[in-house]
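Written below as structure tokens is the structure these notes are about.
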Amino acid sequence: MCHMNLPPPAPTLSTPAWRPAAAFEALGPGFATAVAPQPLPSPQWLAHSPSLASEMGLSDWMASEDALLTLSGQRLAGGATPLASVYSGHQFGVWAGQLGDGRALLLGELQTPAGQRLEVQLKGCGMTPYSRGADGRAVLRSSIREFLCSEAMHALGIPTTRALALIGSPLPVRRETVETAAVVTRVAPSFLRFGHFEHFAHQDPGVGHGHLRRLLDHVIAFHYPQCAAARVPALALLEAVSRRTARLMADWQAVGFCHGVMNTDNMSLLGLSIDYGPFGFLDAFDPLHICNHTDSQGRYAFGRQPSVAYWNLHALAQALLPLTDGDIDTARAALEPFKAEFSDAVQARLRAKLGLASAQPDDAALIDDLLKLWSTQRADYTRSWRAMSSFDSAEGASNRRLRDQHIDPAGFEAWSARYARRLRAEGSSDARRAAAMDSVNPKYVLRNHLAETAIRQAQAGDFGELRRLLQVLRAPFDEQPEHEALAAAPPDWAQHLEVSCSS
Ligand code: AMP
Ligand code: MG
């Protein structure tokens, strides 16, 4: 039974109306196991997301003792039915068998004032049947990273799971050293992954195929209703997931986000960024940058993310095969649109980053050549894009400040003559273009060293930097001159930072 060391609060207007998660009500016991949270001892509020709390209509509740106790697993709210779901997956390209929510518990779902149903998970609230010998906890370090990155990605306009709250505790947790525990409250319309389908596809067909069918019906009914009327709904779903995943990859590439562990169990069926572990935003631009210290082969290097996503979609296609009445080639054909969707989306985002209002045949080469200049000199990815809004397109303009930032000034000059001609050809206004570019080229991203500074301070009991970062990253496109230092190139010590799967 659930650990409840305090009586439930009298219901008030602001107490959330928890309901069991519809997904697992419909799907039944083969999909998830009821598990009581292991309370986080001596919970302490570290931060919460005011914007998400407000979207969920929970602003008042978030200030209450009930919220602290509920979101630390100390108190089980009426209507909530904590569950851990089972899934499987391919990790680093190899079938890993059964995985599952090893430390995330789905408390239930809440409806926002706007009528959206959102699932709420506690990450780090103890062991589940899928913990595979691990402790079911998450350390403060990785919880700060997940909390900040979820909210930063949302502010960048990139689909992501959200983070409502971050709660800390003195509970010791052993990793490479002894750290302390924390719990992140994660929120999403659904936490279903490619690996959920893969799990049932790998079971004995007598059991698994019925489950696969139920999962397909649920995903389509709740998240892809437009696929229901297709001749083969499973193929329509594959195509729809491919398109969303392609757009997500374009978002990641455009902003310089490297996920680090793109295993199929970390791929959202809704095309959300999910499971923030050893991620990183590019500092120096290197297409083959590897952000995860554990990824020795560079399988998940920055520039490989789109092709890895496509590989992962093949694993999903394989899993859905029994529902397609066809062969693997037919299922693979449903993934085909990924390529054009990704290429169109990434080109559109990069054109916008360059302030190009129309699409012209030579744009891809123009963009490519700029990226080559930057990759050769390992230019800072975020700062280089941001600086481009100061470009003067007038004939004969020297753009000296921009040119001087390049190790190959002649190379930049030759490129900028093409760019200026291209801008003049479409009648671009420098002032209007600068504003448009600043609204898509962020000034502030969650660089590793920024997260690290906030983590070190938090580990010493000071949460000021954590809260400042949360606030600054909520408006990543704004100048915020008082926080200029957070937009600087990384200090030397940042080059020696290593992030791994340990969390
Ligand atoms: P990840 O690659 O971080 O997404 O994790 C892979 C699998 O390991 C997932 O099924 C997680 O739930 C599980 N896992 C990771 N860390 C822990 C932990 N400390 N306790 C229990 N399960 C964990
Ligand atoms: Mg995971």
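The analysis underlying the following values was restricted to heavy atoms, covering all of them including side chains, and did not include hydrogens, waters or symmetry mates. Ligands are counted one by one from 1 in listed order, and the atoms in each one are counted from 1 as well. Predicted, not measured: the structure shown is a model, and the values here were computed from it.
For the pair Arg145 and Phe279, the cation-pi test (distance below 6.0 Å, angle within 45°) is passed. Relative to the ring axis of Trp18, Arg75 does not place its NZ or CZ within 45° and under 6.0 Å from the centre. In this structure, Arg299 satisfies the cation-pi test against Trp311, with its NZ or CZ atom closer than 6.0 Å to the six-membered ring centre and inside 45 degrees of the ring normal.
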Could you tabulate the donor-acceptor pairs under 3.5 Å formed by side-chain atoms of residues 204-217, not counting sequence neighbours?
from, atom 1, to, atom 2, distance (Å)
Asp204, OD1, Gly206, N, 2.8
His211, ND1, Val207, O, 3.2
Arg214, NH2, Leu27, O, 2.4

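In this structure, Gly100 counts as a contact residue of ligand 1, since one of its heavy atoms falls inside 4.0 Å of the ligand.
Listed by atom number, the atoms of ligand 1 under 4.0 Å from Leu99 heavy atoms are 10 (O). Every atom of ligand 1 with a heavy atom of Gly136 under 4.0 Å away is listed here by number and element: 18 (C), 19 (N), 20 (N), 21 (C). Set against the non-hydrogen atoms of Arg132, the atoms of ligand 1 under 4.0 Å away are 7 (C), 8 (O). The atoms of ligand 1 that sit less than 4.0 Å from any heavy atom of Asp135 are 18 (C), 19 (N), 20 (N). The ligand atoms of ligand 1 that sit less than 4.0 angstrom from a heavy atom of Asp275 are 4 (O). Within the listing of ligand 1, atoms 19 (N) sit less than 4.0 angstrom from a heavy atom of Arg175. Residue-ligand proximity, Tyr87 to ligand 1, at heavy-atom distances under 4.0 Å covers atoms 9 (C), 10 (O). In summary, the atoms of ligand 1 found under 4.0 Å from a heavy atom of Asn266, numbered by their order in the structure, are 2 (O), 4 (O).
Remark: aromatic rings of Phe197 and Tyr87 are distant, center separation not under 6.0 Å. Separation of the Phe31 and Phe24 ring centroids does not fall under the 6.0 Å cut-off.
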Test log, rule salt bridge (Lys or Arg N to Asp or Glu O under 4.0 Å), inputs Asp283 and Arg383: CA-CA 9 Å; Asp283 292 317; Arg383 289 172 60 81; over 6 Å; no

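The heavy-atom pair separating His449 from Ala494 by the smallest distance is CB-CB, 3.6 Å.
Polar contact check, Arg137 against ligand 1: a nitrogen or oxygen pair lies under 3.5 Å apart. Here's the thing with Ser503: none of its N/O atoms is less than 3.5 angstrom from an N/O atom of ligand 1.
Evaluated by nearest non-hydrogen atom to atom 3 (O) of ligand 1, the leading choice among Arg103, Gln91, Gln98 is Arg103.
Regarding atom 5 (O) of ligand 1, its nearest protein heavy-atom neighbour is Asp265 OD2, 4.8 Å. If you check which protein heavy atom lies closest to atom 12 (O) of ligand 1, you get Gly102 N, 2.8 Å.
Applying the 6.0 Å contact sphere to CD of Gln297 captures no more than 12 heavy atoms from other residues, nucleotides or ligands.
Here the side chain of Thr264 pairs no donor or acceptor atom with the backbone of Gly195 at under 3.5 angstrom. A donor-acceptor pair under 3.5 Å is formed between the side chain of Asn292 and the backbone N or O of Thr294.
Around the Mg ion (ligand 2), the protein atoms of type N, O or S found under 2.8 Å away are Asn266 OD1, Asp275 OD2, listed by chain and number.
Side chain to side chain, Glu151 and Ser49 meet the donor-acceptor criterion of an N or O pair below 3.5 Å.
A salt bridge between Asp275 and Arg186 is present, with a side-chain N of the basic residue lying under 4.0 Å from a carboxylate O of the acidic one.
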